[in-house]
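Numbers restart at 1 for each chain; the letters A, B, ... are given by sequence-line order, proteins then strands.
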Number of protein chains: 2
Amino acid sequence: MTSTADAPRSPGRPRSIRADEAIIEATLDLLAEGSTIEALSIEAIATRAGVGKATIYRRWAGKDALLLDALRRLKGVMAQPAGHSVRDDLVLLVGAIGKNVDPRAAKIMPCLAPAVNRSADQFQLYQNIISPRRQLMREVLRRGIDEGVLRADIDVEVTMALLTGPMLIQRVLQWNPDLDEQSLPERVVDAVLEGIQVR
Amino acid sequence: MTSTADAPRSPGRPRSIRADEAIIEATLDLLAEGSTIEALSIEAIATRAGVGKATIYRRWAGKDALLLDALRRLKGVMAQPAGHSVRDDLVLLVGAIGKNVDPRAAKIMPCLAPAVNRSADQFQLYQNIISPRRQLMREVLRRGIDEGVLRADIDVEVTMALLTGPMLIQRVLQWNPDLDEQSLPERVVDAVLEGIQVR
DNA sequence: GCGTTACGAGTCTGACCCGTATCGTATTTC
DNA sequence: GAAATACGATACGGGTCAGACTCGTAACGC
């Protein structure tokens with residue numbers, strides 16, 4: 001976190017906000033262009049941002065801290081279900097999976113998969129990001145049960161995995177190139193709702 | 001590919017099969033111990049395998065070629081559905097997702113996620129590995145339709161994503177730590193079969 | 001036993017990178 | 001205008017690694 005705090009005003013030249021921006025942007029750009037997290041070097045970021053290395057080290061302790069800030073910037077606002085139709089809310093939530101405001105996110109997200117399971121810290125960070133989103137879906141499912149739209153005997157957690165999984169593997173892994181991503185949320189939700197068995 | 005071909009017999013000392021094995025094993029071991037693909041160095045592999053660097057370069061053009069062979073080794077045999085019950089076959093196939101004979105696979109697989117989408121070559125390799133498995137599941141679903149167990153109007157491709165996704169995100173990303181992986185295949189298959197909607 | 005090839009171990013050059021320090025300059029407060 | 005802090009640029013020592021190379025030795029066919 002860059003100290004944009006309420007400092008009473010320190011003497012000397014203040015830190016350039018443009019440099020802050022340039023560094024974060026350069027980081028995200030390089031990642032989106034295909035660099036892996038660990039292949040990403042401070043030197044490359046500095047050059048790309050048109051900034052001296054010292055300017056980066058003055059703000060962040062190291063690559064990890066910088067990445068943390070950069071990725072935070074990437075996270076979009078959470079989708080807000082309308083609350084009318086359970087099906088429509090689920091389509092909205094499923095469609096929001098792995099979708100961020102920043103178009104670079106699509107390229108960057110797959111890189112995070114390995115990082116997430118390497119250290120407990122990063123795993124926790126990841127869980128912190130997705131758990132409110134999971135909670136949102138959980139509430140919609142519970143509401144569906146309460147309203148009598150969904151069966152009362154379903155396993156909510158498994159159902160969430162059912163809805164999330166297909167979207168995630170498609171967006172992050174491009175699991176099946178022939179699958180149309182555009183219509184996938186709707187089709188997934190409907191399939192899960194109706195089941196595939198003959199009745 | 002190591003040339004274990006049908007060479008008529010070349011003069012000189014033959015390549016050591018033990019060295020071949022040791023190099024591949026060292027590679028997989030290092031990956032399973034948490035090394036990332038790109039952090040993995042030929043030098044480290046050579047040291048771990050008790051082998052000279054030249055011995056590796058004599059066999060493979062570079063890290064990529066070596067990794068290709070190593071990962072090939074990792075892929076287990078494909079599950080073979082019994083063909084009696086569609087449900088049981090699906091449970092078997094879903095349970096086999098991301099599950100390999102080699103226990104190291106579980107640690108290694110997440111690392112491949114980013115690599116897969118970096119280059120067209122690696123993406124193709126990945127598709128080559130999973131597409132026969134996808135075909136297997138596709139056939140089971142078609143059989144289910146033919147036998148009248150599954151509805152004829154389902155989208156087979158979406159259904160496959162539905163069955164595969166939850167298992168994959170759980171095994172590869174540990175998406176939800178609270179989800180019991182053991183019973184997941186059965187629960188996923190049943191949920192997809194029956195749907196979650198009140199009927 | 002001779003030519004050939006492989007072996008493990010090691011060396012060497014040239015990259016690239018980290019994190020710190022030091023330039024001369026620019027911008028701010030007092 | 002002086003002190004303080006920032007800036008971009010660049011140099012530094014210390015580190016890792018790729019690949020090509022060199023040892024002396026080992027295993028094979030003829």
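Under the 3.5 Å distance criterion, with hydrogens and angles disregarded, no donor-acceptor pair is assigned to the side chains of A:Asn176 and A:Gln170. Side-chain atoms of B:Arg134 and B:Gln127 form a donor-acceptor pair, as typed in the model, at a separation below 3.5 Å.
Atom-to-atom, CZ of B:Arg13 to P of C:dT5 comes out at 14 Å; the value is rounded to the nearest Å. Distance CD1 (A:Ile23) to C1' (D:dG8): 11 Å, rounded to an integer number of Å. Put simply, CD1 on A:Ile45 is 14 Å from C1' on C:dG19, counting in whole angstrom units. In this structure, B:Ile17 places its CD1 atom 13 Å from C1' of D:dA27, rounding to the nearest Å. If you take CG of B:Asp20 and C1' of C:dA6, they are 12 Å apart, rounded to a whole angstrom. Between the CH2 atom of A:Trp60 and the C1' atom of C:dG19 there is a distance of 16 Å, given to the nearest Å. In this entry the distance linking CZ of A:Arg18 with C1' of C:dA26 reads 14 Å, nearest Å. Computed from coordinates, the A:Ile56 CD1 to D:dA9 C1' distance equals 13 Å when rounded to whole Å.
No donor-acceptor contact under 3.5 Å links the side chain of B:Arg15 to the base of C:dA6.
Formation of a donor-acceptor pair under 3.5 Å by the B:Arg73 side chain with backbone atoms of B:Asp69 is not found in this model. In this structure a side-chain-to-backbone donor-acceptor pair under 3.5 Å is present from A:Arg171 to A:Ile97.
Each end of the helix from C:dG1-D:dC30 to C:dC30-D:dG1 gets its own axis from five base pairs, and the two axes differ in direction by 10°, given to 10 degrees.
Listed by chain and number, the residues in a side chain to side chain contact (heavy atoms under 4.5 Å, CB included) with B:Ala191 are A:Leu162 (sequence neighbours excluded). For B:Ser119, the side chain to side chain contact (heavy atoms under 4.5 Å, CB included) partners two or more places apart in sequence, or in a different chain, are B:Asp121, B:Gln122. Remark: A:Asp146 pairs with no residue by the salt bridge (Lys or Arg N to Asp or Glu O under 4.0 Å) rule, at least two apart or across chains.
Of the candidate nucleotides C:dG8, D:dC28, C:dC7, C:dG8 has the atom lying nearest to any side-chain atom of B:Val51. Distance from the side chain of A:Arg58 is smallest to D:dA6 among C:dA6, C:dG8, D:dA6.
Residue-level contact check: B:Gly50 touches the backbone only, with heavy atoms under 4.0 Å from sugar-phosphate atoms and none from bases.
Within the structure, every side-chain polar atom (N or O) of B:Ser16 is placed at least 4.0 Å from both OP1 and OP2 of C:dA6.
The pair B:Glu147-B:Arg143 counts as a salt bridge, with a side-chain nitrogen and a carboxylate oxygen less than 4.0 angstrom apart.
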Could you run down the sub-3.5 Å N/O contacts of the protein with nucleotides 14-18 of chain D?
| unit_1 | atom_1 | unit_2 | atom_2 | d |
| --- | --- | --- | --- | --- |
| D:dA18 | OP1 | B:Ile42 | N | 3.0 |
| D:dA18 | OP2 | B:Ile42 | N | 3.2 |
| D:dA18 | OP2 | B:Glu43 | N | 3.3 |

Can you give me every donor-acceptor pair (side chain of residues 98-113 of chain B, partner residue at least two apart or in another chain, under 3.5 Å) with its distance?
| unit_1 | atom_1 | unit_2 | atom_2 | d |
| --- | --- | --- | --- | --- |
| B:Asp102 | OD1 | B:Arg104 | N | 2.9 |
| B:Asp102 | OD1 | B:Arg104 | NE | 3.0 |
| B:Asp102 | OD2 | B:Arg104 | NE | 3.2 |
| B:Asp102 | OD2 | B:Arg104 | NH2 | 2.5 |
| B:Arg104 | NH1 | B:Glu25 | OE1 | 3.0 |
| B:Arg104 | NH1 | B:Asp29 | OD1 | 2.8 |
| B:Arg104 | NH2 | B:Glu25 | OE1 | 3.3 |

